[in-house]
Amino acid sequence: MSSGTDSQAQCSTASDPASKSMDDIMALCKRRGFIYPASEIYGGINGFWDYGPLGAQLKKNLRDAWWTDVVMKGCNGKLGPDGKPVSIVPVDTSIIQNPKVWEASGHVGGFNDPMVDCRETKNRYRADHLMCMGEKGDSTGQIYAFIENDDKSFANALKKLSKYKKKDIPEDGVDICSLTELGADELTITVGPDAKEVGTLTEPRAFNLMFPTVIGATGDIETNKAYLRPETAQGIFINFKNVVDTTRVSVPFGIAQTGKAFRNEVTPRNFTFRSREFEQMEIEFFCHPDDAKDWYVFWRDWRMAWWQDLGLKGDNLILREHDKDELAHYAKEGAGTSDIEYKFPFTAPGFGELEGIADRTNFDLKQHAEHAKTKLDYFDNTRGELAKNGQPKGERYLPHVIEPSAGLDRGVLALLCEAYTPDPERASGVYMKFHPRIAPIKAAVFPLVKKGGMPEVAAPLAAELRNRFGHLGTIDYDEKQSIGKRYARMDEAGCPFCFTIDGETLDADSPNHNTVTVRDRDSLSQERISIASVGDYLAEKLGL
RNA sequence: GCGGGCGUAGCUCAAUGGUAGAGCGUCAGCCUUCCAAGCUGAAUGUUGAGGGUUCGAGUCCCUUCGCCCGCUCCA
């Protein structure tokens, strides 16, 4: 990253999230205006959150940092595995797309899995993962359910069946069928995989995690049904051909997008970590199938370093490679999937996902090419054997995709948790140790007291800084109450620098004439710098 | 969705079935020459919401909503 190394040093001490109280962090978020429960005056609405003044700016700063470093600077100028600059272009696609998009992507199928609950054990199973057995050639009596491809569950069901029939039944002495083939009355004589009682399984119910909506003012839900996107990725895939045809990109290149996505989570939980409306920052990076492994490693390692540079350090952030059996359907054949995970207070000592980097192979482009009956392959004229004129003949292929997909709200939450630093020594009792680059308030300007000409000097300085740095965040000005109280407020807001005009600033006889004090949030130390250099001082600290 | 716990001011908490309060914070004024000092004053509540019992409900009963924990799902 391009931001200054000195500001990184301020955030180098990793504090342990396990020792922090999530309740305290949520209370501060509410108290200082970072995050509020959505629709709070109406009693709230489960799974949704509103960002207040400080939170909105914090979130924007994180989104901007990503946008700048990834898209505009192409991984901050780091060269790709091919030794060339990384090429990324942005898009901003619609939240509502043709419903066929979600059929092609697998979301309609995958998000519609019927589930079965067991009233006795409270366990839940995917209906299509449950199998049932009865004695071969004897269709009377109870049916025993077990989990598909689970030897232990199978043996357990066989044991229960043998006991019920009062004789030893061999493994091949049973008839087996899928639970989804059973009727309602047959379920009443079925024993669940972990149950003792009969008839405790509910009928399979679909859990559609996509938000349905209706198109058209007079639209009918059955005929004009559409969905809010459950991920931003598909908007990129369906525009792959548009981008290739209308811009001068060539593989390897990436398409990036930030935006809202919606999932009807069964149980929203853990503050903003799992909410029903959330914002993603996604890159779909298209490359030749032979290069997928190299690009996967490149993105995985660079994304990890990026989060570390923003202040998520030490043991609090880990890179975790997925095991083969937890890979998503689209990633089975790829180079791998890894998660960048942060040790949130509510997951500690475990970790919660911040960003996933997956080799999606050509799964998505292939699906859309088939469902939309469109050619989405790419003609690469830098490959293939040489023609007589010495030029490559070119190669036609469906690019593979490396997807670094980050949760913006989760990123904000991780930054909040990391920044939260209890300190019984100071008046506020706590301060927010944000990296200066993402801090919502960049600096504050105070007159030491509200007299002696100090406000007349301080206010114009604040205005000057606001003019220069206002696009990055707030420049606060405050002349009310005691200086200590104002410092304490800035500590809770996470403002890294406070500039104070005092008597010496105005005293022409003082050696400190025309200087101000700078209070450092983290060290509490103060130094004097000339009032004319305040802007440059702040610029340097912000890594500009 | 299922099971358990909890809902009084922005926060922390009071109030025997009998007039809803305090501290902190916030805001205004005074004061204040470096870390929530002090003084004066102000605002803020359909006690989560809706029913019921009662002469009378923050308090007892029912329903519902929200939050927290576990199952499940997941960026």
Side-chain angles (χ1 to χ4, degrees), chain A residues 22-24 26-28 30-33 36-48 52 110-111 113 115-126 202 205 207-209 230-233 260-282 326 328 339-341 346 352-358 403-411 413 425-429 431 446-452 454 479-492 498 500-507 516-519 521 524-526 528:
Chain A
M22 204 57 216
D23 285 346
D24 290 345
M26 289 172 72
L28 184 137
K30 174 80 189 294
R31 185 167 73 244
R32 285 296 162 191
Y36 311 122
S39 304
E40 197 180 11
I41 63 169
Y42 287 102
I45 177 167
N46 199 1
F48 300 90
F111 279 59
D113 294 329
M115 304 296 284
V116 171
D117 286 325
C118 177
R119 297 188 193 91
E120 177 191 330
T121 63
K122 309 300 176 195
N123 287 339
R124 170 175 293 166
Y125 314 92
R126 266 180 66 167
T202 63
R205 286 175 299 184
F207 281 75
N208 190 342
L209 264 55
E231 63 176 26
T232 56
K260 289 282 181 76
F262 303 82
R263 286 184 198 178
N264 241 329
E265 294 291 347
V266 176
T267 311
R269 199 58 67 84
N270 291 330
F271 203 21
T272 58
F273 184 78
R274 184 176 306 141
S275 46
R276 290 186 165 129
E277 174 177 343
F278 56 98
E279 189 163 343
Q280 296 183 301
M281 306 187 291
E282 290 198 312
E326 60 177 321
D339 284 347
I340 295 170
E341 300 184 331
F346 49 79
E353 184 179 352
L354 212 54
E355 173 162 350
I357 296 95
E403 176 195 70
S405 171
L408 175 55
D409 303 270
R410 288 185 173 184
L413 185 58
E425 296 299 311
R426 57 178 85 194
S428 55
Y431 65 108
F446 301 143
L448 185 58
V449 292
K450 194 174 53 179
K451 65 179 186 184
M454 296 179 202
E479 57 182 33
K480 300 291 180 63
Q481 298 166 316
S482 72
I483 189 72
K485 201 163 193 166
R486 285 174 271 161
Y487 284 153
R489 272 197 279 251
M490 287 300 108
D491 278 347
E492 278 204 329
C498 295
T500 301
I501 278 68
D502 61 13
E504 294 183 70
T505 310
L506 306 172
D507 182 0
V516 303
T517 62
V518 188
R519 172 190 186 266
R521 176 196 63 203
L524 295 179
S525 66
Q526 292 194 3
R528 295 198 81 95

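Chain A is the first sequence line, chain B the second, and so forth, proteins listed ahead of strands; every chain is numbered from 1.
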From the options A:Glu355, A:Glu282, A:Glu231, select the one residue that forms a side-chain hydrogen bond (donor to acceptor under 3.5 Å, both in side chains) with A:Ser405.
A:Glu282
Quantified in whole Å, what is the [atom1] atom distance between nucleotide [N] and nucleotide [M]?
N: B:C13; M: B:C6; atom1: P; result: 14 Å
N: B:G1; M: B:U63; atom1: P; result: 16 Å
N: B:U64; M: B:U46; atom1: P; result: 23 Å
N: B:G50; M: B:G58; atom1: P; result: 12 Å

Are any of the side-chain heavy atoms of A:Lys30 and A:Tyr36 separated by less than 4.5 Å?
yes
When all nucleic acid strands are considered with a 4.0 Å heavy-atom cut-off, which category describes [X]: base, sugar-phosphate, or nothing?
X: A:Met454; answer: base
X: A:Glu504; answer: nothing
X: A:Arg274; answer: base
X: A:Ser275; answer: base
X: A:Asn270; answer: sugar-phosphate
X: A:Arg276; answer: nothing
X: A:Leu408; answer: nothing
X: A:Lys450; answer: base
X: A:Thr500; answer: base
X: A:Thr232; answer: nothing
X: A:Phe273; answer: base
X: A:Gly47; answer: sugar-phosphate

Tell me whether A:Arg410 forms a cation-pi arrangement with A:Phe273, defined as NZ or CZ under 6.0 Å from the six-membered ring centre and within 45 degrees of its axis.
yes
Given [options], which nucleotide is nearest the side-chain atoms of [X]?
X: A:Arg519; options: B:G10, B:U33, B:C35; result: B:C35
X: A:Gln526; options: B:C27, B:U32, B:C34; result: B:C34
X: A:Tyr487; options: B:C74, B:C34, B:A36; result: B:C34
X: A:Arg263; options: B:C74, B:U33, B:G25; result: B:C74
X: A:Arg489; options: B:U26, B:U32, B:C74; result: B:U26
X: A:Ser482; options: B:U32, B:C34, B:A37; result: B:A37
X: A:Met26; options: B:C11, B:A36, B:C68; result: B:C68

Looking at A:Asn46, does any N or O in its side chain come under 4.0 Å of the phosphate oxygens OP1/OP2 on B:C65?
no
Phosphate OP1/OP2 of B:A28: any A:Lys480 side-chain N/O under 4.0 Å
yes
Once you round it to whole Å, what is the distance between [atom2] of [N] and [atom1] of [X]?
X: A:Arg486; N: B:U26; atom1: CZ; atom2: C1'; value: 16 Å
X: A:Arg32; N: B:A36; atom1: CZ; atom2: C1'; value: 10 Å
X: A:Glu479; N: B:U33; atom1: CD; atom2: P; value: 16 Å
X: A:Gln481; N: B:U26; atom1: CD; atom2: C1'; value: 9 Å

For A:Asn46 versus A:Arg276, what's the shortest heavy-atom pair and its separation?
O-NH1, 3.0 Å
Comparing A:Gly503 and A:Phe48 on RNA chain B - which has the more 5′ nearest nucleotide
A:Gly503
Relative to the 5' end of RNA chain B, which residue comes earlier, A:Arg528 or A:Phe271, by the nucleotide with the nearest heavy atom?
A:Arg528
Is there a Watson-Crick or G-U wobble partner for B:G1 with both distances under 3.5 Å, and if so, which one is it?
B:C71
Using modelled atom types and a 3.5 Å cut-off, is there a donor and acceptor pairing between side-chain atoms of A:Arg486 and backbone atoms of A:Gln481?
yes
Let me confirm one number: the CE-CD distance from A:Met454 to A:Glu479, rounded to the nearest 0.5 Å.
12.0 Å
